[in-house]
Amino acid sequence: MTTIGLVQGDITREAADAIVNAANSSLLGGGGVDGAIHRRGGPEILAECRALRASRYGRGLPTGQAVATTAGKLPARWVIHTVGPVWSSGEDRSGLLASCYRESLRVADELGARSVAFPAISTGVYGWPMDDGARIAVETVRAAETAVEEVRFVLFDTAAYEVFARRVEA
Ligand code: ADP
């Protein structure tokens, strides 16, 4: 059984085996969670991301997939980078958002991670409505077959925390 916990705060301060990054497909940094992870985690993370771009992911990490690097100076062993879909009102991309959570947990299993901290993927710059993003996050983690014992959603502000809390209680 995977327990689901909620925390309000900055994901770069979370102690967990793995912290998930809401990355973009370049893997070379960006704003939001991505910017915060590289700022606080230091240059080792970016160095591994560049190496991934030079090898397995020459064209970038596809949307919905996940890959791990060191966590550098963060209080975690690994960062799992995943690329959320950009919200579209005309096209249902929820399968890709669910895939981010599922693939991140699959990578966590490969690593042997027991605790994983997730941000609310796609709900920032990528524009996904928070309530629907929370629904997909919680449903997908609940349905996942994983050896991860603890999933923690780390929400940046009170509003996001409350939306997730309603979904977890539902
Ligand atoms: P995306 O590009 O996938 O939308 P963002 O990083 O822009 O990713 O935002 C994802 C979510 O993470 C948003 O809800 C945003 O408010 C939140 N967020 C931004 N910075 C942090 C942080 N340091 N810790 C936790 N959550 C954060």
Side-chain angles (χ1 to χ4, degrees), residues 4-43 45-46 49 52-53 57 60-69 71-105 107-108 113 115-141 150-168:
I4 294 181
L6 297 181
V7 175
Q8 189 190 329
D10 179 344
I11 198 165
T12 65
R13 306 280 188 181
E14 253 347 272
D17 290 341
I19 288 174
V20 176
N21 182 16
N24 58 61
S25 94
S26 81
L27 291 176
L28 301 180
V33 174
D34 203 6
I37 282 178
H38 286 289
R39 251 191 326 275
R40 194 171 294 280
I45 302 174
L46 191 57
C49 286
L52 286 166
R53 282 302 304 275
Y57 295 110
L61 181 65
T63 304
Q65 294 190 25
V67 67
T69 65
K73 292 184 284 198
L74 297 176
R77 292 175 69 186
W78 302 282
V79 170
I80 297 172
H81 307 263
T82 189
V83 182
V86 175
W87 165 258
S88 161
S89 54
E91 187 189 10
D92 181 10
R93 299 178 179 166
S94 46
L96 286 168
L97 184 54
S99 174
C100 288
Y101 289 98
R102 214 167 28 240
E103 286 299 300
S104 295
L105 290 173
V107 170
S115 57
V116 178
F118 279 100
I121 298 164
S122 286
T123 64
V125 175
Y126 283 0
W128 207 284
M130 187 60 73
D131 185 53
D132 197 55
R135 176 186 67 79
I136 292 167
V138 171
E139 282 179 7
T140 306
V141 168
E150 188 201 353
V151 165
R152 215 175 305 146
F153 292 111
V154 184
L155 295 321
F156 212 33
D157 56 35
T158 317
Y161 180 92
E162 283 168 1
V163 168
F164 267 73
R166 276 196 295 275
R167 286 294 176 183
V168 170

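For ligands, and for the atoms within them, numbers begin at 1 and follow the listed sequence. FYI, side chains are in, hydrogens and waters are out, and symmetry mates aren't considered; it's all heavy atoms of this structure.
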Of all protein heavy atoms, the one nearest atom 15 (C) of ligand 1 is G124 CA, 4.4 Å
Discussion item. Keeping N21 on the side-chain end and T82 on the backbone end, is there a donor-acceptor pair under 3.5 Å?
Written reply: no
Looking at R152 and A15, would you say the former's side chain and the latter's main chain have a donor-acceptor pair under 3.5 Å?
yes
Quick note on ligand 1: atoms under 4.0 Å from a heavy atom of G32 include exactly 6 (O), 20 (N)
Among T123, V154, V83, the residue with a heavy atom nearest to atom 13 (C) of ligand 1 is T123
Okay, side chain of R40, backbone of K73: is any donor-acceptor separation there less than 3.5 Å? no
Among non-hydrogen protein atoms, atom 7 (O) of ligand 1 lies closest to V125 N, 2.9 Å
Nearest non-hydrogen protein atom to atom 6 (O) of ligand 1, with distance, is V33 N, 2.8 Å
closest protein heavy atom to atom 23 (N) of ligand 1 is D10 OD1, 3.0 Å
To atom 3 (O) of ligand 1, the nearest of A36, A134, G31, S122 on a heavy-atom basis is S122
task = Determine yes or no for a side-chain-to-main-chain donor-acceptor pair under 3.5 angstrom, with T63 supplying the side chain and V83 the backbone.
result = no
- Any ion pair linking R166 and D131 (charged N to carboxylate O, less than 4.0 Å)? no
among protein heavy atoms, the one nearest atom 24 (N) of ligand 1 is I11 N, 2.9 Å
- Task: Could you tell me whether a side-chain N or O of Y101 sits under 3.5 Å from a main-chain N or O of V138, the two making a donor and an acceptor?
- Result: no
Per-atom filter on ligand 1: closer than 4.0 angstrom to a heavy atom of A22 are 3 (O), 8 (O)
Output for pair (T12 OG1, I37 CD1), nearest 0.5 Å, gives 7.5 Å
shortest atom 17 (C) of ligand 1-to-protein heavy-atom contact is with F156 CB, 4.0 Å
Note: ligand 1 atoms sitting under 4.0 Å from heavy atoms of M130 are 14 (O)
* Asked: Do the side chains of H81 and L27 get nearer than 4.5 Å, heavy atoms only?
  -> yes
Check: of A120, G133, G9, min heavy-atom distance to atom 11 (C) of ligand 1 comes from A120
**Item:** Sidechain-backbone polar pair: T123 side chain, A120 backbone, donor-acceptor under 3.5 Å
**Value:** yes
*Does the N or O separation between T12 and ligand 1 drop below 3.5 Å for any pair?*
no
